[in-house]
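Right, one structure below, let's go through it.
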Amino acid sequence: MQNIVKTALTGRGSKLLEEAQQILASIDQSYQEAQAIRQNSVRIVQVGLSTDGRILRMESLIRDLPSNQPEIELQFAATRSEDIVQDLAKGRIDAGFYFGNATNPRIHSLKLQSIPVVAVYPDSWGIPEDEIKLEDFVDKTWIWSTAKCPFYKQWMKHFRSKKLLPQGVMHVGDESLIGHTVVHEMGCSLLPEPLAMQLVKDNKLRMWSGIDLRMDLFFGYPLDKKNDTVIHKIASVLNEIWKGPSQIGSNQMQPDNLFFSKTAFM
C-alpha cells in the first residue's frame with residue numbers, strides 16, 4: 001500500500017514561491033512586450049519577380065538597402081509579369097518587377113531599363129546564329145507562358161509587321177519554364193538577352209539577335225503606396241543601381257518561390 005506524504009510550505013516558503021511567480025510573470029510580460037515591439041518594427045515587403053534574380057539585380061538591392069533604421073524584411077515570389085501587374089493593381093503585393101508597359105492607373109511604375117530581346121532555339125536545329133533568318137522561325141513551335149505574356153504580344157506584333165504568321169504556339173504557364181522547354185527541343189521563344197546569353201554560355205541553346213526588339217523592365221507598386229517611405233527608399237536604391245552597368249551574378253536563383261530576409265533600418 002502506497003503511503004501519501006503531504007507537505008506544506010512554511011510562511012517563508014510561500015513568500016519565496018510568490019516572489020518567484022512574480023519574477024516569472026514579469027519575464028513573460030517583458031518577452032511579450034519585446035516580441036510586440038519587434039513585430040511592430042519589422043516591415044514585411046512582398047515583392048514579385050518576373051524573371052531571374054540576376055537580371056533584376058536582387059543581390060545589389062539586398063546589399064545596398066540602408067542598415068541603420070527600422071527593420072525591413074523582403075519576401076520575394078517568382079511569378080509572371082501579367083500576374084504581377086494584376087497583384088499590384090489589387091494590392092495583393094507591395095511591389096514587383098515586370099516586363100511590358102502596363103499602363104494601369106492603380107500602379108506607379110519606375111522604368112529601370114529597356115532590355116534587348118533575342119530569339120532562342122535548340123542547338124539540334126543545326127543552324128548557326130549567323131545564318132538563321134526570321135523566315136526559319138515561321139514553321140516552328142513558339143513557346144510562351146500565356147497569351148497575355150508581354151514577350152508573346154511583342155513577337156506577334158513583329159511577325160505581323162513582316163506579314164508572317166507563326167504556325168504553332170505552346171503555352172507552358174510559367175515564364176521560368178520557357179528556357180527549359182527550348183533546351184529540351186520543344187520549340188523556340190524570346191528571352192531577355194542577359195538570360196539567353198547565360199543559357200548559351202552553358203551550351204544549352206542558341207540565340208539569334210537579328211531582330212531589333214527591346215522590352216521595358218519596370219519596378220512598380222500600388223499607387224496608394226507612392227508616399228510610403230519604405231517603398232520610396234527601395235525605389236531610390238533601385239534607381240541608383242540601374243544607373244550602373246548590368247552585372248549578372250554567378251548564382252542562379254531558383255524559379256520556385258523565393259524568400260530573402262534583409263535587415264535594414266530606414
Side-chain angles (χ1 to χ4, degrees), residues 49-52 54-56 79-86 97-104 107 109 111-220 242 245-246 248 255:
L49 307 182
S50 61
T51 190
D52 190 299
R54 296 173 300 174
I55 296 175
L56 302 177
T79 184
R80 299 174 299 210
S81 291
E82 56 267 34
D83 292 339
I84 289 174
V85 171
Q86 289 297 317
F97 296 83
Y98 58 90
F99 287 103
N101 188 16
T103 55
N104 191 305
I107 300 174
S109 59
K111 181 179 176 180
L112 300 176
Q113 196 174 76
S114 184
I115 296 178
V117 175
V118 297
V120 292
Y121 60 97
D123 184 66
S124 61
W125 285 13
I127 309 176
E129 291 89 336
D130 57 353
E131 295 182 12
I132 200 166
K133 53 189 181 298
L134 184 63
E135 288 73 16
D136 294 322
F137 292 93
V138 175
D139 62 347
K140 305 297 184 182
T141 298
W142 281 86
I143 303 166
W144 312 104
S145 58
T146 69
K148 296 180 180 180
C149 170
F151 292 92
Y152 171 77
K153 291 180 178 180
Q154 189 176 51
W155 188 233
M156 289 301 295
K157 182 179 179 180
H158 182 75
F159 256 102
R160 287 167 181 155
S161 71
K162 304 296 183 181
K163 301 187 183 305
L164 298 171
L165 183 64
Q167 297 302 305
V169 173
M170 176 190 299
H171 293 142
V172 294
D174 190 332
E175 288 181 12
S176 64
L177 295 177
I178 292 176
H180 176 81
T181 309
V182 173
V183 168
H184 285 78
E185 305 180 2
M186 298 179 68
C188 53
S189 190
L190 289 185
L191 288 177
E193 186 180 54
L195 181 56
M197 289 177 66
Q198 184 63 44
L199 292 173
V200 170
K201 181 180 177 181
D202 295 338
N203 297 316
K204 292 184 176 180
L205 48 73
R206 296 191 182 193
M207 76 176 201
W208 181 58
S209 54
I211 50 175
D212 185 22
L213 290 179
R214 304 181 76 87
M215 183 66 71
D216 292 338
L217 174 64
F218 290 89
F219 173 74
W242 284 86
S246 175
I248 304 301

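Residue indices begin at 1 and follow the sequence shown.
- Among residues at least two apart or in separate chains, there is no salt bridge (Lys or Arg N to Asp or Glu O under 4.0 Å) pair with a member in residues 177-189.
- Remark: V85 engages Y98, A102, I107 in a side-chain contact (heavy atoms from CB on, under 4.5 Å) (not counting sequence neighbours).
- Residue pairs meeting the salt bridge (Lys or Arg N to Asp or Glu O under 4.0 Å) criterion with at least one partner in residues 117-132, sequence neighbours excluded, are D123-R206.
- Contact between G100 and P150 at its shortest, heavy atoms only, is CA-CB, 4.1 Å.
- Qualifying side chain to side chain donor-acceptor pair (under 3.5 Å) partners for T141, counting only residues two or more places apart in sequence or in other chains: none.
- Across all their heavy atoms, W142 and A119 have their closest contact at CH2-CB, 4.3 Å.
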**Prompt:** Run the side-chain contact (heavy atoms from CB on, under 4.5 Å) check on L191 and F151 step by step: do they pass?
**Reply:** CA-CA 8 Å; L191 288 177; F151 292 92; over 6 Å; no

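- When all heavy atoms of R214 and S114 are compared, the closest pair comes out as NH2-O, 2.7 Å.
- For the atom pair M207 CE and Q198 CD, the distance stands at 11.5 Å (nearest 0.5 Å).
- The side-chain contact (heavy atoms from CB on, under 4.5 Å) test applied to L205 returns V120, V182, V183, L199, V200, not counting sequence neighbours.
- Taken to the nearest 0.5 Å, the CG atom of L56 stands 10.5 Å off from the CZ atom of F219.
- Distance check: F97 CZ to T51 OG1 gives 11.5 Å after rounding to the nearest 0.5 Å.
- Within the structure, side chain to side chain donor-acceptor pair (under 3.5 Å) pairs that include any residue of residues 150-164 do not occur (at least two apart or interchain).
- M197 CE: 12 or fewer foreign heavy atoms inside a 6.0 Å radius.
- Pairs of residues two or more places apart, or lying in two chains, that qualify as ring-ring contact (aromatic ring centres under 6.0 Å, His included) and include a residue from residues 188-213 are F137-W208.
- Taking every heavy atom of both residues into account, K140 and C188 meet most closely at CB-SG, 3.9 Å.
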**Request:** Run the numbers on L217 and M215 for side-chain contact (heavy atoms from CB on, under 4.5 Å), then give the verdict.
**Result:** CA-CA 6 Å; L217 174 64; M215 183 66 71; over 6 Å; no

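- Atom CD1 of I55 and atom CD of Q113 lie 10.5 Å apart (nearest 0.5 Å).
- Among residues two or more places apart in sequence or in another chain, the side-chain contact (heavy atoms from CB on, under 4.5 Å) test is passed with V172 by I143, M170, L177, I178, T181.
- With sequence neighbours excluded, the residues satisfying salt bridge (Lys or Arg N to Asp or Glu O under 4.0 Å) with K133 are D136.
- Note that the CZ atom of R80 and the NZ atom of K148 stand 9.0 Å from one another [nearest 0.5 Å].
- Side-chain N or O atoms of S81 include none that pairs as donor or acceptor with a backbone N or O of S50 at under 3.5 Å.
- Residues passing the side chain to side chain donor-acceptor pair (under 3.5 Å) test with K111 are D216, sequence neighbours excluded.
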